[in-house]
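Worksheet for the structure shown next.
Every heavy atom of this structure was used, including side-chain atoms; hydrogens, water molecules and symmetry mates were not.
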Amino acid sequence: MAHVIENIERPDASVVEAISHFTPATIHEAQGRRGAIASRIKPIYNGMTVCGPAITIRAHPGDNIMLQLAISIAKPGDVLVFATDESSEQGCFGEVLGTWAQARGIAGLVTDSGVRDGPALNKNGFSVFSPGLCIKGTVKETPGFINQPISFGGEIINPGDIIVGDDDGLVVVRPHEAMEIAAESKKRDDAEAVLMAKLKEGTNLLEAVGMDKKAEAKGITFDR
């Protein structure tokens with residue numbers, strides 16, 4: 001039976017804000033190379049970013065009735081995560097739903113379906129992550145689920161998990177780990193900043209990170 005859970009536990013705004021300072025790539029590395037969502041799901045235009053707690057939606061391919069219900073119950077700052085069995089040959093979301101979602105303060109949409117009205121969504125500044133654009137319409141007929149765990153892009157996404165995205169792609173962060181991951185991400189960014197400053201001064205990267213010794217230990221030789 002179809003089911004909608006309206007009230008979910010969301011991470012504190014300060015936790016989401018702490019994570020928002022870091023790129024998905026940095027976060028992925030900081031949490032032990034976990035949490036990367038399938039790389040085919042990218043922003044529909046360069047420069048779109050997203051960060052916020054997930055509203056999870058499980059829907060029948062080619063049907064967006066559950067997405068509309070999710071928009072109606074989402075809170076400001078939420079990210080809609082819309083799973084459709086990777087049915088990318090439909091435009092499940094466009095300018096009308098984007099205008100409504102934006103008016104409600106929703107942070108963005110992440111979906112394995114196609115979307116349409118891309119130029120309008122981009123002009124309005126609403127972030128959408130999708131496998132691509134498709135003009136084909138959808139029906140509004142088949143019930144699904146809202147705010148239950150879903151399989152999406154190779155990861156299990158729970159309601160309230162933090163979704164972070166930029167041009168590189170998407171990563172999911174579990175709220176109970178978020179502050180630790182934010183601290184580790186900062187350490188990585190600070191260390192890389194120091195390293196890149198040294199590289200600009202002429203330092204050899206292989207020597208700086210010990211890759212020369214690792215290559216030697218693996219028996220790699222150079223014919224100079």
Side-chain angles (χ1 to χ4, degrees), residues 11 16 18-62 64 66-67 70 78-94 97-98 101 106-119 121-122 125-136 138 148-175 177-178 181-182 184-186 188-189 191-192 196:
V16 176
I19 281 291
S20 72
H21 293 289
F22 307 103
T23 67
T26 294
I27 294 168
H28 170 61
E29 293 287 348
Q31 59 185 10
R33 298 185 177 175
R34 293 181 291 119
I37 293 171
S39 62
R40 64 182 175 278
I41 304 172
K42 289 287 202 303
I44 59 171
Y45 286 92
N46 289 340
M48 289 182 168
T49 62
V50 73
C51 181
I55 295 291
T56 58
I57 310 145
R58 184 71 179 82
H60 191 275
N64 73 352
M66 300 311 295
L67 178 56
D78 285 346
V79 176
L80 304 167
V81 183
F82 185 53
T84 67
D85 284 337
E86 303 179 9
S87 178
S88 60
E89 277 298 308
Q90 286 86 28
C92 73
F93 184 91
L97 293 185
I106 294 170
L109 168 74
V110 171
T111 181
D112 58 6
S113 177
V115 299
R116 63 185 182 182
D117 302 332
L121 292 169
N122 189 40
F126 188 76
S127 292
V128 177
F129 287 66
S130 165
L133 300 175
C134 180
I135 63 172
K136 297 177 184 178
T138 57
Q148 294 187 16
I150 59 173
S151 176
F152 182 87
E155 288 288 328
I156 298 299
I157 310 295
N158 304 294
D161 282 351
I162 303 170
I163 305 296
V164 186
D166 67 8
D167 287 343
D168 281 349
L170 294 154
V171 69
V172 57
V173 179
R174 313 305 177 187
E177 298 178 326
I181 299 305
E184 186 61 32
S185 294
K186 187 176 187 308
R188 290 186 62 87
D189 277 357
E192 286 188 357
M196 287 185 285

Quick one: OG on S88 to CG on L133, what's the gap to the nearest 0.5 Å? 11.0 Å
Please assess T111 against C92 for the test side-chain contact (heavy atoms from CB on, under 4.5 Å), listing each intermediate value before the final yes or no. CA-CA 9 Å; T111 181; C92 73; 4.2 Å; yes
Among T84, N64, D85, I41, which residue satisfies the side-chain contact (heavy atoms from CB on, under 4.5 Å) criterion with S113? T84
Pairwise distance NE2(H28) to OG(S185) - rounded to 0.5 angstrom: 11.5 Å
Spacing of CZ belonging to F129 relative to CZ belonging to R40, to within rounding of 0.5 Å: 15.0 Å
If you look at every heavy atom in G108 and F126, which pair is closest and at what distance? CA-CZ, 3.6 Å
Which atom names give the shortest non-hydrogen contact between A25 and D168, and what distance separates them? CB-OD2, 4.1 Å
Of the non-hydrogen atoms in A107 and V50, which two are nearest, and what is the gap between them? O-CG2, 3.9 Å
Indicate the atoms forming the closest heavy-atom contact of F152 with D112, along with that distance. CE1-N, 3.4 Å
R34/E155 ion pair, N-O < 4.0 Å: no
Taking side chain as C-beta onward, heavy atoms only, is I150 less than 4.5 Å from V81? yes
Are V16 and C51 packed together at the side-chain level, in the sense that at least one heavy-atom pair is separated by less than 4.5 angstrom? yes
In short, P149 meets P159 closest at the heavy-atom pair N-CD, 4.0 Å
Under 4.5 Å between any side-chain heavy atoms of N158 and T56, yes or no? no
Does the side chain of F93 reach to within under 4.5 Å of the side chain of L121, using non-hydrogen atoms? yes
Go through the structure and list residues passing side-chain contact (heavy atoms from CB on, under 4.5 Å) with A178, not counting sequence neighbours. V15, I19, I162, V173
Answer yes or no: is there a side-chain heavy-atom contact under 4.5 Å between E184 and Q31? no
Option passing side-chain contact (heavy atoms from CB on, under 4.5 Å) with L109 (candidates I55, L67, I57): L67
With the side chain counted from C-beta on, respond yes when N122 and I44 share a heavy-atom pair under 4.5 Å apart, and no when they do not. no
For the OG atom of S130 and the CZ atom of R116, what is their distance to the nearest 0.5 Å? 13.0 Å
Give every residue pair that meets the salt bridge (charged side-chain N to carboxylate O under 4.0 Å, His left out) criterion with at least one member in residues 157-167, sequence neighbours excluded. D161-R174
Do V171 and T23 make a side-chain contact, defined as non-hydrogen atoms from C-beta onward lying under 4.5 Å apart? no
Checking side-chain polar atoms at under 3.5 Å, does S87 have a donor or acceptor matched by the opposite partner on Q90? yes
Where do L170 and V164 land on the side-chain contact (heavy atoms from CB on, under 4.5 Å) test, with the steps shown first? CA-CA 6 Å; L170 294 154; V164 186; over 6 Å; no
K186 side chain near F22 side chain, heavy-atom distance below 4.5 Å: yes
Considering all heavy atoms of both residues, which atom of G160 and which atom of P53 are nearest to each other, and what is their separation? O-CB, 3.9 Å
Test log, rule side-chain contact (heavy atoms from CB on, under 4.5 Å), inputs Q148 and R58: CA-CA 8 Å; Q148 294 187 16; R58 184 71 179 82; over 6 Å; no
